[in-house]
Engineer: 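One structure, pasted below without further comment.
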Amino acid sequence: MIVRPATVSDVGATVRMGRRFFELSGYGEIVAFDTDSFARTVSDLIRSDSGTVLIGEQAHRGEQAHPVGMAAGVLYPSYLNHAHRTGQELFWWVEPAARGHGRLLLDALEAWARDQGAHSFTMGALTALRPQALDALYVRSGYRPMEKLYLRSL
C-alpha cells in the first residue's frame, strides 16, 4: 500500500469507502448516512489547515493503483492546556482485502500530526468493528486507554 494525501478527485472513492464503513459501524441506529454531507466533510478536510485525509492505494499486477483505504484526522489545542496541540482520528478504513497493510495509514496519520506540531494523538475503536484487534494494535503502538464514549439517540 502507498499512502498519499487525498485530493478533491478522491472524494468519490472516500464516499464509497465511507458508506461501507458506515454499514458496519453501528451508526445506522443513530444517524442516516448522507452522501453529500460525507463528501463535503472530506472536501473541507482536504482544504483545511487543521485537518487531513489520507488515501491508501494498491496496484495489482498490470493494474493502475486504486484506493483501498482512507484515514482522516484533525488538530486542535487541548482544552486542558492550549499550549498542548493534540490530534484526533476522525475515520480510518481499510478494505477487508487490504487489511494487512492498514498500519501504514495509521503511521502516516501520526506523522502528519507530528509534522503539524501535535504533542499527542487519539484513536478510536468502534465496538462493532473488531474492537479487540484494534485494542491490541493500539497498545502495541504505544497508545493507552483513556476514555470510553457512550452514544444515545435523543
Engineer: Is any side-chain heavy atom of Tyr143 closer than 4.5 Å to one of Phe121?
Structural biologist: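 The answer is yes, as the side chains (C-beta and beyond) meet within the 4.5 Å cut-off.
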Engineer: Atom CD1 in Ile46, atom CG in Leu54: separation rounded to 0.5 Å?
Structural biologist: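 Spacing of CD1 (Ile46) from CG (Leu54) equals 10.0 Å.
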Engineer: Would you check if the distance from the ring center of Phe21 to the ring center of Phe38 is below 6.0 Å?
Structural biologist: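 Phe21 vs Phe38: aromatic centres not under 6.0 Å.
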Engineer: Tell me whether Val74 is reachable from Met123 by hopping between hydrophobic residues (I, L, V, M, F, W, Y) whose side-chain heavy atoms are closer than 4.5 Å.
Structural biologist: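 Unlinked, Met123 and Val74 end up in two clusters.
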Engineer: Is the side chain of Ser48 donor-acceptor paired with the backbone N or O of Asp44 at a distance under 3.5 Å, no angle test?
Structural biologist: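 Pair absent, no side-chain N/O of Ser48 close to backbone of Asp44.
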Engineer: Honestly curious: do Val3 and Met70 fall in one hydrophobic cluster under the side-chain, below-4.5 Å linking rule?
Structural biologist: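 No, it is not one cluster - the side chains of Val3 and Met70 are not joined through contacts under 4.5 Å.
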Engineer: If you look at every heavy atom in Gln116 and Leu75, which pair is closest and at what distance?
Structural biologist: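 Where Gln116 meets Leu75 most closely, the heavy atoms are CB-CD1, 3.1 Å.
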Engineer: Evaluate the side-chain proximity of Trp92 to Leu134: yes if any heavy-atom separation is below 4.5 Å, no if none is.
Structural biologist: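 They are in side-chain contact.
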Engineer: For Thr7 and Asp10, which I'm curious about, is there any donor-acceptor pair between the side chains at under 3.5 Å?
Structural biologist: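 Yes, because at least one side-chain N or O of Thr7 sits under 3.5 Å from a partner of the opposite role on Asp10.
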Engineer: Atom CD of Glu110 and atom CD of Glu89: how far apart are they, to the nearest 0.5 Å?
Structural biologist: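 Nearest 0.5 Å value for the CD-CD distance: 11.0 Å.
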Engineer: Measure the shortest side-chain to side-chain distance between Leu90 and Thr41 over non-hydrogen atoms and say whether it is less than 4.5 angstrom.
Structural biologist: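 SC-SC contact between Leu90 and Thr41 ruled out.
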Engineer: With hydrophobic residues grouped by side-chain heavy-atom distances under 4.5 Å, do Leu126 and Leu24 end up in a single group?
Structural biologist: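 Per the 4.5 Å side-chain linkage, Leu126 and Leu24 are co-clustered.
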Engineer: Are the side chains of Val8 and Arg47 in contact, using a 4.5 Å heavy-atom criterion?
Structural biologist: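 In contact.
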Engineer: Got a second to check how far Ile55's CD1 is from Ile2's CD1, nearest 0.5 Å?
Structural biologist: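 Here the rounded value is 13.0 Å.
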Engineer: If you count every heavy atom of other residues, nucleotides or ligands that lies below 6.0 Å from Arg40 atom CZ, does the total exceed 12?
Structural biologist: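 Incorrect, the count does not exceed 12.
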Engineer: Verify the cluster assignment for Val68 and Leu105: are they in a single hydrophobic cluster under the rule of side-chain heavy atoms below 4.5 Å apart?
Structural biologist: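 Val68 clusters together with Leu105.
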Engineer: Do the non-hydrogen side-chain atoms of Phe91 and Met17 ever get within less than 4.5 Å of each other?
Structural biologist: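 No. Closest side-chain heavy atoms not under 4.5 Å.
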Engineer: For the residue pair Tyr150 and Lys148, what are the closest heavy atoms and their distance?
Structural biologist: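 Residues Tyr150 and Lys148, closest heavy atoms: OH-CD, 3.5 Å.
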Engineer: May I ask you to check whether over 12 heavy atoms, not counting those of Arg130, lie within 6.0 Å of atom CZ?
Structural biologist: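 Incorrect, the count does not exceed 12.
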Engineer: Applying side chain to side chain donor-acceptor pair (under 3.5 Å) between Glu57 and each of Gln64, Arg4, His66, report the one that passes.
Structural biologist: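 The single option meeting the side chain to side chain donor-acceptor pair (under 3.5 Å) with Glu57 is Arg4.
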Engineer: Of all the heavy-atom pairs spanning Gly124 and Tyr138, show the shortest one and how long it is.
Structural biologist: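 For Gly124 versus Tyr138, the nearest heavy atoms are O-OH, 2.7 Å.
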Engineer: So which atom in Val11 and which in Ser43 form the shortest heavy-atom distance, rounded to 0.1 Å?
Structural biologist: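 Reported closest heavy-atom pair: CG2-OG, 3.5 Å.
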Engineer: How long is the straight-line distance from CZ of Arg16 back to OG1 of Thr35, given to the nearest 0.5 Å?
Structural biologist: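 The OG1 atom of Thr35 sits 11.0 Å away from the CZ atom of Arg16.
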Engineer: With side-chain contact (heavy atoms from CB on, under 4.5 Å) as the criterion, how do Gln88 and Tyr76 come out once you've worked through the C-alpha distance, each side chain's angles and the decisive distance to 0.1 Å?
Structural biologist: CA-CA 8 Å; Gln88 181 174 333; Tyr76 52 91; 2.7 Å; yes
Engineer: With a cut-off of 6.0 Å (strictly less than), are more than 12 heavy atoms of other residues, nucleotides or ligands near CG of Asp49?
Structural biologist: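 No, because the 6.0 Å sphere around CG of Asp49 holds 12 heavy atoms or fewer from other groups.
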Engineer: Does a side-chain heavy-atom distance below 4.5 Å link Met146 with Thr122?
Structural biologist: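 Side-chain contact under 4.5 Å: no.
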Engineer: Taking atom CH2 of Trp93 and atom CG of Leu129, what is their separation to the nearest 0.5 Å?
Structural biologist: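 With rounding to 0.5 Å, CH2 (Trp93) is 6.5 Å from CG (Leu129).
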Engineer: Is there a side-chain contact between His101 and Val94, using heavy atoms and a 4.5 Å cut-off?
Structural biologist: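 The answer is no; the side chains never approach within 4.5 Å.
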Engineer: Which heavy atom of Ala83 sits nearest a heavy atom of Asn81, and at what distance?
Structural biologist: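 Smallest heavy-atom distance, with atoms named: N-OD1, 2.9 Å.
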Engineer: To the closest 0.5 Å, what do you measure between OG1 (Thr86) and NE2 (His119)?
Structural biologist: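 So the gap between those two atoms works out to 9.5 Å.
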Engineer: What's the shortest heavy-atom distance between Ala118 and Gly87, and which atoms?
Structural biologist: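 That closest heavy-atom pairing would be CB-N, 4.3 Å.
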